[in-house]
Amino acid sequence: MFPSFSFSIAIPSDVPEIIEFLLSDFLFNRSLNGAIGMTREEAHDRYLAVTESSVANGTSVVVRNKEGEVVGVRLSGFEDRQEVTTPVDLSSFPPRIFKIRKILTKMNEGKWALIPSDIDRLFEVKLISVAEKYRGQGIAKVLLSFGLDSVRERGAKGVYAEAVAIASQVLFDRAGYSVIREIVHEEWLDEEGKPVFVCPDGTKTVQLV
C-alpha cells in the first residue's frame, strides 16, 4: 500500500532520530505547542523521557521514507487499571510544559471510572506525528492501527489517547473512537481570567478518546 515507506516497531537505536524528528516537526504543531510557543530546549528532556519509555515497551512505531529518514512516529504503551501511580509533581516542569501537563492531568483524573469495568488494561496512543510533507497520504491511519494484534495478545482490551489537535481529533473520530471527556479551551483560564490556549490551527478543545 505504501511502497515508498517502511513501517516498523521502534527499537532503542531509533531513539536519537525520533527525538530529532519530534523536535523538528511535532514541536511545531499548531495546537497546544503553537499556542504557548514551546522551544526545543524546553521540550527536549520531556520528549526524550517519553520516547525512551515508549520504545522500551516494544509497541511504538517508526515510519521511514525511501531515503531512510524518519517521517512519522507513533509513541505508545500500556496502562493497567490496578496500577498505582505516583502523582505527577507539576512544579518540576518548565513553565510552558507545566501549562500542557496541567490540562492533561486534569483531563485524565478519574479516567478509569469512565472505562467499562471489564477492561483492566488499555493500550495508550501517546503521540502520532507525520512530517508535514507527507501528510494526507493515510500514514497516520496506518500508524494508529499498526501492530494492534500484538497489543491484544499482550492483554489490552481497549485503546485510549489524548487528542489535543484538531487533526488528531479528526483522525480518531474517523477511526471510530468516542470522546469520553473534553475540556474546552475558552473555559480553561489563567489567573487573569484569559484562555491559556489559543491555538493557531483552530483547535478548540482537548479530548480524551
Derivation and outcome, side-chain contact (heavy atoms from CB on, under 4.5 Å), residues E162 and M107 = CA-CA 9 Å; E162 299 161 345; M107 190 170 65; 3.8 Å; yes
Run the numbers on F5 and Y134 for ring-ring contact (aromatic ring centres under 6.0 Å, His included), then give the verdict.
-> CA-CA 10 Å; F5 305 98; Y134 298 102; 5.3 Å; yes
H44 and I19: CA distance, side-chain angles, deciding distance, side-chain contact (heavy atoms from CB on, under 4.5 Å) verdict = CA-CA 8 Å; H44 180 274; I19 293 298; 4.2 Å; yes
Evaluate the criterion side-chain contact (heavy atoms from CB on, under 4.5 Å) for residue pair V73 and I128; output intermediate values, then yes/no.
-> CA-CA 6 Å; V73 170; I128 287 181; over 6 Å; no
side-chain contact (heavy atoms from CB on, under 4.5 Å) between V55 and I18, intermediate numbers included = CA-CA 10 Å; V55 169; I18 293 174; 4.2 Å; yes
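Checked for salt-bridge contact, K133 and E69 miss the test: no charged N lies under 4.0 Å from a carboxylate O. Looking at K111 and E79, a side-chain N of the basic residue comes within less than 4.0 Å of a carboxylate O on the acidic one, giving a salt bridge. Looking at D25 and R135, a side-chain N of the basic residue comes within less than 4.0 Å of a carboxylate O on the acidic one, giving a salt bridge. Under 4.0 Å is where a charged nitrogen must lie from a carboxylate oxygen, and between E109 and R181 no such pair does.
The nearest pair of heavy atoms linking L143 to S129 is CD1-O, 4.2 Å. Of all the heavy atoms in S31 and P200, the pair that sits closest is O-CD, 4.0 Å. The two atoms that bring G77 and K126 nearest to each other are N-CE, 4.3 Å, heavy atoms only. Minimum heavy-atom separation, V196 to D190: CG2-N, 3.7 Å. Counting all heavy atoms, side chain and backbone alike, I103 lies closest to W188 at CA-CZ2, 3.5 Å. Contact detail for F21 and V130: the closest heavy-atom pair is CZ-C, 4.1 Å.
Relative ring orientation between F172 and Y177 is described as perpendicular, the plane-to-plane angle rising above 60° on a 0-90° scale split at 30° and 60°.
A 4.5 Å side-chain heavy-atom check between V63 and V70 finds every atom pair outside the cut-off. Between D118 and K157 there is no side-chain heavy-atom pair separated by less than 4.5 Å. The shortest side-chain heavy-atom distance between K99 and K102 does not fall under the 4.5 Å cut-off. Within the 4.5 Å cutoff, side-chain heavy atoms of V62 are placed close to those of S8. Contact annotation: the side chain of F197 never approaches that of T203 to less than 4.5 Å [non-hydrogen atoms, C-beta and beyond]. At least one side-chain heavy atom of L122 sits under 4.5 Å from a side-chain heavy atom of W112. The closest side-chain heavy-atom distance from T51 to L22 is below 4.5 Å. You'll find the side chain of L75 stays beyond 4.5 Å of the side chain of V61, heavy atoms only.
Using modelled atom types, no side-chain atom of S168 and backbone atom of A163 make a donor-acceptor pair closer than 3.5 Å. Not one N or O on the side chain of H185 forms a donor-acceptor pair closer than 3.5 Å with the backbone of P195. Formation of a donor-acceptor pair under 3.5 Å by the S60 side chain with backbone atoms of S54 is found in this model. Of the possible donor and acceptor atoms, one in the side chain of S53 sits under 3.5 Å from a partner among the backbone N and O of A49. Judged purely by atom type and a 3.5 angstrom limit, S76 uses its side chain to pair as donor or acceptor with the backbone of T59. Between the side chain of N108 and the backbone N or O of T105 there is no donor-acceptor pair closer than 3.5 Å.
Neither I183 nor I166 shares a network with the other; the hydrophobic side chains, linked directly or stepwise wherever heavy atoms of I, L, V, M, F, W or Y lie under 4.5 Å apart, form separate groups for each. Connection of L189 to I36 is not established within any shared hydrophobic cluster, with ILVMFWY side chains joined at heavy-atom distances below 4.5 Å, either directly or through further cluster members. Under the 4.5 Å side-chain heavy-atom criterion for ILVMFWY residues, a single connected hydrophobic cluster contains both F28 and L127. Under a hydrophobic-cluster definition in which Ile, Leu, Val, Met, Phe, Trp and Tyr are linked whenever side-chain heavy atoms come within less than 4.5 Å, directly or via other members, V159 and V170 are assigned to different clusters. F98 and Y47 fall within a single hydrophobic cluster, where Ile, Leu, Val, Met, Phe, Trp and Tyr side chains are chained together by heavy-atom contacts under 4.5 Å.
Side-chain contact annotation: E42 with T39, donor-acceptor N/O pair under 3.5 Å present.
Atom CD in E153 sits 11.0 Å away from atom CG in L148 (nearest 0.5 Å). L32 CG to R96 CZ: the interatomic distance, rounded to the nearest 0.5 Å, is 14.0 Å. Atoms CD and OG, on E17 and S24 in that order, are 11.5 Å from each other to the nearest 0.5 Å. For the atom pair CD1 of I119 and CG of D80, the computed distance is 12.5 Å after rounding to the nearest 0.5 Å. Going from atom CG of L114 over to atom OG of S178 covers 12.0 Å, rounded to the nearest 0.5 Å. Atom CD of residue E67 and atom OG of residue S4 lie 9.0 Å apart, to the nearest 0.5 angstrom.
Cation-pi check for R121 over F78 is met; the charged atom lies under 6.0 angstrom from the ring centroid and within 45 degrees of its normal.
When each of Q207, K204, Q169 is paired with E182, the side chain to side chain donor-acceptor pair (under 3.5 Å) condition holds for Q207 and for no other.
Within a 6.0 Å radius of CD in E186, other residues, nucleotides and ligands contribute 12 heavy atoms or fewer.
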